[in-house]
Amino acid sequence: MGFLIQEQKELVEMMYGPAAEDYLLILDSLGDFFEKEIEPTARQIDVKAEFPRENIRKLFEQGFTSMGFPKDFGGLELPWPIYVAAMEMCGKACASTALSLAIHGTCCEGVRQFSNPGQKKEYLPQMISGKKFAGFSLTEPGAGSDARNLQTTARLEGGQWLVNGTKMFTTNGGYCDLYFLFAKTPKGPSAFLVDAKLAKSSKHIEKLGYRGSVTAEVVFENAHAPKESLVGTEGEGFEYAKKMLYGGRVTVGAISTGIARAAFDKAVRYSKDRTAFGKPLSDFEMIQSKLADMLTDINASRLMVYRAAHLKDRGKPFESEAAQAKLFASEKCLRVCDEAIQIHGGYGYADEFDVHRHWRDARLNTVGEGTSEIMRLLVSKNIIKGP
Ligand SMILES: Cc1cc2nc3c(=O)[nH]c(=O)nc-3n(C[C@H](O)[C@H](O)[C@H](O)COP(=O)(O)OP(=O)(O)OC[C@H]3O[C@@H](n4cnc5c(N)ncnc54)[C@H](O)[C@@H]3O)c2cc1C
């Protein structure tokens, strides 16, 4: 079986009919790339907690980040579900690489949707081609789920924005060229695209999983940003952040599906290789039942993720669908990875078979880009009050 699996091919065919052939050629070739070039690096990246700079460079070269962007800006103008299918494979190959690129992709999408024509022309081609790498800086020590409680400020002084405040958990922080930064201005929360050199410091945060993806506390102290760094309209920043996160959640759902599939494949292989009581583990009904549940959850996750991506692509509301997809895929991914460890017995807990890496990576996905609790709040708000 290649890296692009049959279930993914079938969904692409279902969505695009005859046009699927071209998309599948692209995905198949990317799948080979993930299998040969990216997956073999994943274990060492985790063990050494090493930023996957080389993987990111190679994937920029492959046009990974440009997939969903307009040709006018150097993009490949592919439908968003095709990018999401590629993101699933990236998550399966190396979750740290996938998360770093997904966050950068969210910043590219923010520039595409909300920046003015001048910013777009200057930054979007450089960002999607990888010449400028970005971090999304919303969360603060006192503003996580309660993102409206921003304390970072930006005020105009002498024709420049004076920025002060501390950002928490910025993925790519310290390793990127630009921050898509959110700060309070006199008219409310506003968005800025600023040079990363403006930050006074960025402190790396050690963590359980996604150990190759960098997460940093980023401090701005009397930083002077050009007046033109404001993105869109002053006071609209929170609306922009929310909309960027809708897309981001779909990509986290895709990464979760990929991580779960990686753990599942290892569990299937192990259950056939390992014998107990004179027969392979896969002969035991309790193991078969686990595998059946795992595959069902993965395939259901994929359907929800691709559907949310399809709605986004068609310009339809997808806030609730993105939240549902992220909620379901991330929680199921965690369960699948947990069962994969169980099927490996003691060897699953030990380093040898690498399944605990998937569990450790999966553990973030019910927290990052909005926790499961916040996803449930969003979904229920849409049920009761409407979109
Ligand atoms: C590895 C990593 C990478 C990240 N990357 C980024 C990034 O690139 N950019 C960025 O801006 N942020 C990033 N984050 C931050 C992430 O989005 C936040 O951690 C997350 O939104 C939760 O915020 P918090 O940690 O402050 O938890 P809190 O908001 O303090 O929540 C703590 C607990 O309380 C629950 N809770 C809070 N409010 C409610 C409520 N109303 N009802 C029920 N339960 C509630 C939460 O669900 C959670 O279980 C990252 C975090 C991590 C760990």
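Being a predicted model, the structure only gives us computed values, none of them experimental. Both counts, for ligands and for their atoms, begin at 1 and track the order of listing.
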Engineer: Would you call the rings of Y23 and Y16 parallel, tilted or perpendicular, where under 30° means parallel and over 60° means perpendicular?
Structural biologist: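 It falls in the perpendicular class, over 60°.
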Engineer: As an exercise, identify every atom of ligand 1 less than 4.0 angstrom from a heavy atom of L138.
Structural biologist: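 Those qualifying, in numeric order: 11 (O).
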Engineer: I'd like to know if atom 50 (C) of ligand 1 has any protein heavy atom within a distance of less than 4.0 Å.
Structural biologist: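 Answer yes: something from the protein, a heavy atom, is under 4.0 Å.
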Engineer: With a 4.0 Å heavy-atom cut-off (strictly under), which part of K167 contacts ligand 1: side chain, backbone, both or neither?
Structural biologist: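 Looking at K167 and ligand 1, no heavy atom falls under 4.0 Å.
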Engineer: Is E217 salt-bridged to K167, going by a charged N under 4.0 Å from an acidic O?
Structural biologist: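 Here E217 does not pair with K167 in a salt bridge, since their nearest N and O are not under 4.0 Å apart.
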Engineer: Just heavy atoms, cut-off under 4.0 Å: does I205 contact ligand 1 by side chain, backbone, both, or neither?
Structural biologist: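 Contact part for I205 vs ligand 1: neither.
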Engineer: Can you tell me the protein heavy atom closest to atom 41 (N) of ligand 1 and the distance?
Structural biologist: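 Going atom by atom, the protein heavy atom closest to atom 41 (N) of ligand 1 ends up being L377 CD1, 3.7 Å.
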Engineer: Please determine if T371 has a nitrogen or oxygen closer than 3.5 Å to a nitrogen or oxygen of ligand 1.
Structural biologist: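 Yes, since at least one N or O of T371 sits under 3.5 Å from an N or O of ligand 1.
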Engineer: Do the charged groups of E7 and R261 touch, with an N to O distance under 4.0 Å?
Structural biologist: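 Looking at E7 and R261, the cut-off is met.
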Engineer: Starting from atom 25 (O) of ligand 1, find the nearest protein heavy-atom neighbour and note its residue, name and distance.
Structural biologist: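 Going atom by atom, the protein heavy atom closest to atom 25 (O) of ligand 1 ends up being F169 CE1, 4.1 Å.
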Engineer: Would you mind checking if E369 and R249 are paired as a salt bridge, meaning a charged N to carboxylate O distance below 4.0 Å?
Structural biologist: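 No, no charged N to carboxylate O under 4.0 Å.
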Engineer: In terms of side-chain geometry, is the basic nitrogen of E339 or R335 positioned less than 4.0 Å from the acidic oxygen of its partner?
Structural biologist: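 Yes, charged N to carboxylate O under 4.0 Å.
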Engineer: Establish whether atom 14 (N) of ligand 1 and some protein heavy atom are separated by less than 4.0 angstrom.
Structural biologist: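 So atom 14 (N) of ligand 1 has protein heavy-atom neighbours under 4.0 Å.
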Engineer: So which protein heavy atom does atom 43 (C) of ligand 1 come closest to, and at what separation?
Structural biologist: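 Checking every protein heavy atom, the shortest distance to atom 43 (C) of ligand 1 gives E373 CB, 3.9 Å.
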Engineer: Does F136 come within less than 4.0 angstrom of ligand 1, counting non-hydrogen atoms of the residue?
Structural biologist: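 Yes.
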Engineer: Measure T171 to ligand 1 on non-hydrogen atoms and call it side chain, backbone, both or neither using the 4.0 Å cut-off.
Structural biologist: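 For T171, backbone and side-chain atoms both sit under 4.0 Å from ligand 1.
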Engineer: For atom 31 (O) of ligand 1, what's the nearest protein heavy atom and its distance?
Structural biologist: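 Minimum-distance protein heavy atom for atom 31 (O) of ligand 1 reads S145 OG, 3.7 Å.
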Engineer: Ignoring hydrogens, tell whether any protein atom lies closer than 4.0 Å to atom 8 (O) of ligand 1; use the non-hydrogen atoms only.
Structural biologist: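 So atom 8 (O) of ligand 1 has protein heavy-atom neighbours under 4.0 Å.
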Engineer: Going by an N to O cut-off under 4.0 Å, is there a salt bridge joining E331 and R376?
Structural biologist: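 So E331 pairs with R376 through a salt bridge.
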Engineer: Going by distance only, is there an N or O of T170 that falls short of 3.5 Å from an N or O of ligand 1?
Structural biologist: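 T170 vs ligand 1: no N/O contact under 3.5 Å.
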Engineer: Got a salt bridge between R112 and E109, using NZ or NE/NH1/NH2 to carboxylate O under 4.0 Å?
Structural biologist: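 The answer is yes: the pair qualifies as a salt bridge.
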Engineer: Give the residue, atom name and distance (to 0.1 Å) of the protein heavy atom nearest atom 12 (N) of ligand 1.
Structural biologist: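 Looking at atom 12 (N) of ligand 1, the protein heavy atom closest to it is T139 OG1, 2.7 Å.
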Engineer: So, is the end of the K132 side chain (NZ or CZ) under 6.0 Å from the ring centre of Y123 and within 45° of the ring's axis?
Structural biologist: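 No, K132 does not lie over the aromatic ring of Y123.
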Engineer: Are any of the N/O atoms on L364, whether in the backbone or the side chain, positioned under 3.5 angstrom from an N/O atom of ligand 1?
Structural biologist: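 N/O-N/O distance below 3.5 Å does not exist for this pair.
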